[in-house]
Amino acid sequence: MSTDPAPFELDGAWELDAQVSVRPERFGALLYHFGTRRLSFLKNPTLLAVVRALPEQPTARAACAEAGVAPAELPRYRGALATLAASRMIRPRSV
């Protein structure tokens with residue numbers, strides 16, 4: 001049985017869950033979900049920029065581009081976003 005997060009749809013619209021608080025840090029940020037009481041660490045400022053761009057961009061792929069993620073780096077960021085989605089830090093956004 002795999003423990004990998006489910007595949008993440010980069011071409012979908014995403015947003016930060018309404019119950020999540022973001023605390024910027026030098027290394028990136030801390031995310032705290034008040035509903036699940038989970039804490040997540042964003043380990044670099046670019047990932048924080050992607051998460052912050054999600055509500056303004058039509059897709060997660062566009063949010064990555066806005067944050068300066070190179071196409072070759074997309075698999076790594078897709079994995080990070082999949083983990084955030086699996087832990088309910090981000091959720092699909094209706095367009």
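Counting begins at 1 with the first residue of the sequence. All values below were derived from every heavy atom in this structure, side-chain atoms included, with hydrogens, water molecules and symmetry-related copies excluded. Quick caveat, the model's predicted, so the values are computed rather than measured.
When all heavy atoms of A67 and A49 are compared, the closest pair comes out as CB-CB, 3.7 Å. Nearest heavy atom pair, residue A62 against residue Q57, reads CB-OE1, 3.7 Å. Residues L48 and P24 share a closest heavy-atom pair of CD2-CB, 4.4 Å. Minimum interatomic distance between A72 and P75 (heavy atoms only, all atoms of both residues): O-CD, 3.5 Å.
Side-chain contact between L74 and L10 is present, with at least one heavy-atom pair separated by less than 4.5 Å. By the 4.5 Å heavy-atom criterion applied to side chains, W14 and V50 are not counted as neighbours. Contact check for R52 versus V22: side-chain heavy atoms found under the 4.5 Å cut-off. Taking the side chain as every heavy atom from C-beta outward, L16 and L84 never approach each other to under 4.5 Å. Using a 4.5 Å heavy-atom threshold, the side chains of N44 and F27 count as separate. Inter-residue side-chain proximity for T36 and S87 is flagged as unmet; no heavy-atom pair is nearer than 4.5 Å. A 4.5 Å side-chain heavy-atom check between T46 and V69 finds at least one atom pair inside the cut-off.
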Dump the intermediate steps for side-chain contact (heavy atoms from CB on, under 4.5 Å) on T83 and S40, then the final yes or no. CA-CA 10 Å; T83 299; S40 291; over 6 Å; no

Which is it for V51 and L42 under the side-chain contact (heavy atoms from CB on, under 4.5 Å) test, yes or no, and what are the steps along the way? CA-CA 9 Å; V51 168; L42 302 186; 4.1 Å; yes

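Under a hydrophobic clustering in which Ile, Leu, Val, Met, Phe, Trp and Tyr are joined whenever their side-chain heavy atoms come within less than 4.5 Å, directly or via other members, L47 and Y32 fall into different clusters. Clustering ILVMFWY residues whenever any of their side-chain heavy atoms sit less than 4.5 angstrom apart, transitively, puts F34 in the very cluster that holds F41.
Pairs passing the salt bridge (charged side-chain N to carboxylate O under 4.0 Å, His left out) check and including a residue from residues 68-84, sequence neighbours excluded, do not occur.
The backbone N or O of A53 sits nowhere less than 3.5 Å from a side-chain atom of E66 that would complete a donor-acceptor pair. R61 places no side-chain N or O within 3.5 Å of a backbone atom of E9 that could act as its donor or acceptor partner.
Residue R38 holds its CZ atom at 9.5 Å from NE2 of H33, rounded to the nearest 0.5 Å. Distance check: L81 CG to C64 SG gives 5.5 Å after rounding to the nearest 0.5 Å.
Not counting sequence neighbours, the partners of R23 by the side chain to side chain donor-acceptor pair (under 3.5 Å) test are E25.
Ion pairing between R88 and D17 fails under the 4.0 Å rule for side-chain N and carboxylate O.
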